[in-house]
Amino acid sequence: MAMASAKLNTLSSQWIAHNSFSPRRGSSSRRVSLPIRASSYQHELVQTAKSIASPSRGILAIDESNATCGKRLASIGLDNTEVNRQAYRQLLLTTPGLGEYISGAILFEETLYQSTTDGNKFVDCLRDQNIVPDIKVDKGLVPLPGSNNESWCQGLDGLASRSAEYYKQGARFAKWRTVVSIPCGPSALAVKEAAWGLARYAAISQDNGLVPIVEPEILLDGDHPIERTLEVAEKVWSEVFFYLAENNVLFEGILLKPSMVTPGAEHTEKASPETIAKYTLTMLRRRVPPALPGIMFLSGGQSEVEATLNLNAMNQSPNPWHVSFSYARALQNTVLKTWQGHPENVEAAQKSLLVRAKANSLAQLGRYSAEGESEEAKKGMFVKGYTY
């Protein structure tokens, strides 16, 4: 018995020696590289990401939770019912010609499984226009214990099985939104938690065939200058890419959804689109590998016109990546107010969606002009402490 135990211990030691990384440089031990199993979806992930990051197109984000969608509906006097949510999302997803400007649509779980009143699945409506369906997979923000009144994003439990089901339903990319608050620090704990959560989500998504959108949103809240936003953004993205690499995430099979580098919403001096472009591109060039196929900016409460002007300024010269948009309010605000919940307004609302989508398509090419934009489109949409 003792001899068998000794033999087992010897074999275990040999296995560990041949299957472990050696200590840091300077050790006499031999370094052994462990093979990492590549996702069986690797080729598909790369092709999906390239399709979404295609010239002149961007992402329509309509993944608001039922509670947040209810706030949007309440703004035009509608009750928060599934029928009303379905009617609004049908308006958006069945807009004729949308695929000319939109390459992907981020959906809430409810929407992924819904159909039009004619019985056509929403995912099929999107595919018919060469738009890739996306699914929001996180479970929302909750307080982060031990932090400076900051948050962390939950949803990793059960994510693999949910992602597999979303893939079967037709989703081909995924979204996970976490946030970083500058007025709250941000603390090192909050930044690390955000980066690690995004990396685990990205690895799990790729393992189940979904291209992950990596989104650590740096909130607009605060009165800080643009230099402070740049400092925080560089710190956040360095942590994010460190943990993405640690989790063996395929960079060619992900998309980024960053905040633009702007002053805090309550800062006394407003930055021009050219200044925002300069600081944002500086941050990206310092932190983002060129292997990534696309950077799809969030609007974060900017007005429809502001978000488009800033994107346009970033595309005045070639970039290592496809620099485009993934807008929610900056594409939907005028649409919602045009619709007002009335069936007779659907066509006019869809036309207003195309106007905004085309404007951002031109901005992706660096050819947008704000001439002729409505006053409504120029109104800011920042909400302090905004939650989805």
Side-chain angles (χ1 to χ4, degrees), residues 61 63-68 71 106 108-109 134-163 166 173-208 210-222 224 228-229 231-249 254-261 264-265 283 287 296-301 326 328 382-388:
D63 58 314
E64 301 90 350
S65 67
N66 288 347
T68 301
K71 294 176 184 177
I106 308 175
F108 190 61
E109 187 176 61
D134 174 281
I135 177 67
K136 169 184 162 68
V137 298
D138 69 76
K139 293 295 184 179
L141 301 169
V142 292
L144 176 63
S147 71
N148 185 26
N149 196 31
E150 296 163 288
S151 301
W152 70 285
C153 190
Q154 56 188 348
L156 289 176
D157 289 350
L159 179 58
S161 59
R162 287 191 289 120
S163 296
Y166 296 148
F173 69 123
K175 175 198 169 182
W176 175 287
R177 172 186 178 263
T178 193
V179 302
V180 173
S181 170
I182 293 179
C184 290
S187 67
L189 173 65
V191 172
K192 183 170 288 189
E193 175 60 42
W196 177 255
L198 284 166
R200 290 305 306 141
Y201 137 77
I204 293 168
S205 295
Q206 288 190 339
D207 202 45
N208 288 279
L210 302 178
V211 170
I213 292 180
V214 177
E215 181 185 359
E217 179 176 354
I218 298 173
L219 299 171
L220 284 177
D221 303 60
H224 49 276
R228 174 60 177 157
T229 308
E231 178 186 10
V232 171
E234 289 184 346
K235 173 60 178 174
V236 170
W237 281 107
S238 66
E239 290 275 313
V240 168
F241 277 104
F242 174 80
Y243 287 114
L244 287 172
E246 286 283 290
N247 282 273
N248 303 301
V249 172
I254 66 175
L255 297 167
L256 301 191
K257 186 171 179 176
S259 310
M260 296 179 190
V261 178
M283 181 273 293
R287 292 293 182 267
M296 324 299 282
F297 282 101
L298 60 88
S299 55
S326 177
F382 169 74
V383 177
K384 190 173 184 178
Y386 181 77
T387 56
Y388 280 78

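Everything numeric here is computed off the predicted structure, so don't read it as measured data.
A donor-acceptor contact shorter than 3.5 Å is absent between the side chain of Arg177 and the backbone of Glu217. Listed for the Trp152 side chain is no donor-acceptor partner under 3.5 Å among the backbone atoms of Leu141. Although no hydrogens or angles enter the test, the distance criterion places no donor-acceptor pair under 3.5 Å between the side chain of Arg228 and the main chain of Ile182.
Rounding to the nearest 0.5 Å places CE of Met260 at 10.5 Å from CE of Met283. Put simply, CZ on Phe242 and CG on Asn247 are 10.0 Å apart, with the number rounded to the nearest 0.5 Å. Between the OH atom of Tyr166 and the CG atom of Asp134 there is a distance of 11.0 Å, given to the nearest 0.5 Å. Between Ile135 atom CD1 and Ile213 atom CD1 the span is 11.5 Å, to the nearest 0.5 Å. From Leu210, atom CG reaches atom CG of Leu159 across 8.5 Å, with rounding to the nearest 0.5 Å. The structure places NZ of Lys175 at 3.5 Å from CG of Asp63, a figure rounded to the nearest 0.5 Å.
Among all heavy-atom pairs drawn from Asp138 and Cys153, the shortest one is CB-SG, 3.4 Å. Closest of all the heavy-atom pairs between Val214 and Leu244 is CG2-CD2, 4.4 Å. Across Asn208 and Ile204, no two heavy atoms sit closer than the pair ND2-O, 2.9 Å. Val211 and Phe173 get closest at one heavy-atom pair: O-CB, 3.0 Å.
Residues satisfying the salt bridge (charged side-chain N to carboxylate O under 4.0 Å, His left out) test with Glu246, not counting sequence neighbours, are none. Applying the side chain to side chain donor-acceptor pair (under 3.5 Å) rule to Gln154 yields no partners; only residues at least two apart in sequence or on another chain are considered. For Ala67, the side chain to side chain contact (heavy atoms under 4.5 Å, CB included) partners at least two apart in sequence or on another chain are Ser65. By the ring pair (Phe, Tyr, Trp, His ring centres under 6.0 Å) test, Tyr201 pairs with Trp176, sequence neighbours left out. With sequence neighbours left out, Ser326 forms a side chain to side chain donor-acceptor pair (under 3.5 Å) with Lys257. For Ser259, there are no side chain to side chain donor-acceptor pair (under 3.5 Å) partners at least two apart in sequence or on another chain. A search for ring pair (Phe, Tyr, Trp, His ring centres under 6.0 Å) contacts involving Trp196 returns Tyr243, not counting sequence neighbours. Under the side chain to side chain donor-acceptor pair (under 3.5 Å) criterion, Asn148 pairs with no residue at all, not counting sequence neighbours.
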Show the atom names and distances, to 0.1 Å, of all donor-acceptor pairs under 3.5 Å that link a side chain in residues 232-239 to residues at least two apart or in another chain.
| residue | atom | partner | partner atom | Å |
| --- | --- | --- | --- | --- |
| Glu234 | OE2 | Arg286 | NH1 | 2.6 |
| Lys235 | NZ | Glu239 | OE2 | 3.3 |
| Ser238 | OG | Glu234 | O | 3.3 |
| Ser238 | OG | Lys235 | O | 2.8 |

Please list every donor-acceptor pair under 3.5 Å in which a side-chain atom of residues 183-195 meets a protein atom from a residue at least two apart or in another chain.
| residue | atom | partner | partner atom | Å |
| --- | --- | --- | --- | --- |
| Ser187 | OG | Glu150 | OE1 | 2.6 |
| Ser187 | OG | Ala190 | N | 3.1 |

Check step by step if side chain to side chain contact (heavy atoms under 4.5 Å, CB included) holds for His224 and Glu231.
CA-CA 11 Å; His224 49 276; Glu231 178 186 10; over 6 Å; no
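For Asn149, the CG atom counts as loosely surrounded, since its 6.0 Å shell holds 12 or fewer non-hydrogen atoms of other residues, nucleotides or ligands.
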